[in-house]
Undergrad: 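Here's a structure for you.
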Amino acid sequence: MMDAVTVPPFERFYETWSGEILAFLRRRLGAADAEDAFQETFLRALRGYDGLEHGRELRAWAYTIAARVAADVHRRRRPAAEAVEGTADDSRPAYAEIEHLADGLPPTERAAVVLRYGYDLSYEDIGAALGSNADAARQATSSGIRRMRRKELQ
Amino acid sequence: MTTVPDSLDRRFRAAAASSGLLDVAYDLFDSPFGMLLLAASPRGLCRISYDPEPERETEGLAKRFGLRVLRAPLDDPRRQLDEYFEGRRHSFDLELDLVGVGPFPRRVLDELALVPYGEVTTYGRLAAQVERPRAARAVGTVMNRNPLPIVLPCHRVVGSTGKLVGYGGGLERKERLLRLEGALL
């Protein structure tokens, strides 16, 4: 399939989404940790940028990276004692698992499912990531989940 | 709408520039000769443009060098240009990236780079130096498309009668550059 949405120069991607992503990270982590996480998010984006095949869903892509960085920060914050209690299986971050399971979903549904169940984002934030709203995010998430169930049953 | 604080924005851009992940870093420079855009790839300075439209320039740079284009400080070229504009520098000590420039333009630009500060040559003479004596007009085209004006001194090339003829950045700038260098009184 031909895709007319080309990936813009990184500068434009950064200028367009940096403010929103910073606001998101401040909500997730508080102002103090948000700054390091912001830099890490956009450096990771830069690292992955020339692997992008099209320019659709760049906003959701940016949120996914930011959510992953925030999850890493949360994990580091967790006291060591608590981490020891978990079994080896539990130590696998939720997002790794859900990203794997959601592979093959249409992009919007995939992003919604991953952000909801992998990163525990609110529907408001997912709506922002998808460029829509909370209702649309809820809908995309549940139709993604339904589709995953159907796939499982096959 | 959240805006990214200046300090954080600067910190990210500097980190990106030193990460080795950029295809091109570019900087906007408010010079005595007007607004300039400078751009550098990991191989060297690759673009100088007068009165830039950043949106169009970043698109062009992305096409030529790769998508990872970001505004980031280019301190060394900027400092050298500053010194040049103040009359304290007569030659540039910079790596240049002329990737994508064809063989003929490349030979012409190499020859152009040898024209000393404060002197002028002619389109015809440059054509003769690259062994294409009848290609003065083609040399003019190369000058017009020079990706690195000032550093590759196309302002030092004039018509056979001494007339300034043309300049990508406008004739007024050409005249001022030659006056700065003492090539015009």
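Side-chain atoms are counted along with the backbone in the values below, which use heavy atoms only and exclude waters and symmetry mates. The sequence lines fix the lettering, A, B, ..., with proteins before strands; numbering per chain opens at 1. The shown structure was predicted, so the numbers you read here are calculated from the model rather than taken from an experiment.
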Undergrad: Heavy-atom distance under 4.5 Å to chain B: side chain of A/Y14, backbone, both or neither?
TA: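 A/Y14 touches chain B through side-chain heavy atoms alone.
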Undergrad: Name, in order of residue number, those residues of residues 118-146 of chain A that have a heavy atom at a distance of less than 4.5 Å from a heavy atom in chain B; otherwise write 'none'.
TA: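 The residues closer than 4.5 Å to chain B amount to none at all.
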Undergrad: Assess whether side chain to side chain contact (heavy atoms under 4.5 Å, CB included) is satisfied between B/T2 and A/E20, documenting all intermediate values.
TA: CA-CA 6 Å; B/T2 307; A/E20 207 174 297; over 6 Å; no
Undergrad: How long is the span from the CD atom in A/E11 to the CD atom in B/E55, to the nearest 0.5 Å?
TA: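 Result: 9.5 Å between the selected atoms.
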Undergrad: For residues B/S19 and A/L46, report the shortest heavy-atom separation together with the two atoms involved.
TA: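 Heavy-atom minimum between the residues: OG-CD2, 4.3 Å.
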Undergrad: Kindly give the heavy-atom pair with the smallest separation between A/P8 and B/L67, and that separation in Å.
TA: O-CD2, 3.9 Å
Undergrad: How close do B/T3 and A/L22 get, counting heavy atoms only, and between which atoms?
TA: O-CD2, 4.3 Å
Undergrad: Does A/R27 CZ have over 12 foreign heavy atoms under 6.0 Å away?
TA: yes
Undergrad: With rounding to the nearest 0.5 Å, note down the distance linking CZ in A/F10 to CG in B/L21.
TA: 9.0 Å
Undergrad: Quick check for you: among B/T58, B/L61, B/V24, which has the greatest number of heavy-atom pairs under 4.5 Å with chain A?
TA: B/T58
Undergrad: Which atoms of A/E15 come close to chain B, meaning under 4.5 Å heavy atom to heavy atom: side chain ones, backbone ones, both, or neither?
TA: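 Side chain only.
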Undergrad: For B/E83, does the CD atom sit with more than 12 other heavy atoms under 6.0 Å from it, leaving out its own atoms?
TA: yes
Undergrad: If you round to the nearest 0.5 Å, how far is CG of B/L22 from OH of A/Y49?
TA: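 The CG atom of B/L22 is 12.0 Å from OH of A/Y49, to the nearest 0.5 Å.
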Undergrad: For chain A, find its close neighbours in residues 5-16 of chain B: heavy-atom separation under 4.5 Å, sorted by number, or none.
TA: B/P5, B/L8, B/D9, B/R11, B/F12, B/R13, B/A15, B/A16
Undergrad: Kindly determine whether B/V69 and A/R12 satisfy side chain to side chain contact (heavy atoms under 4.5 Å, CB included), including the steps that lead there.
TA: CA-CA 9 Å; B/V69 178; A/R12 201 156 91 224; over 6 Å; no
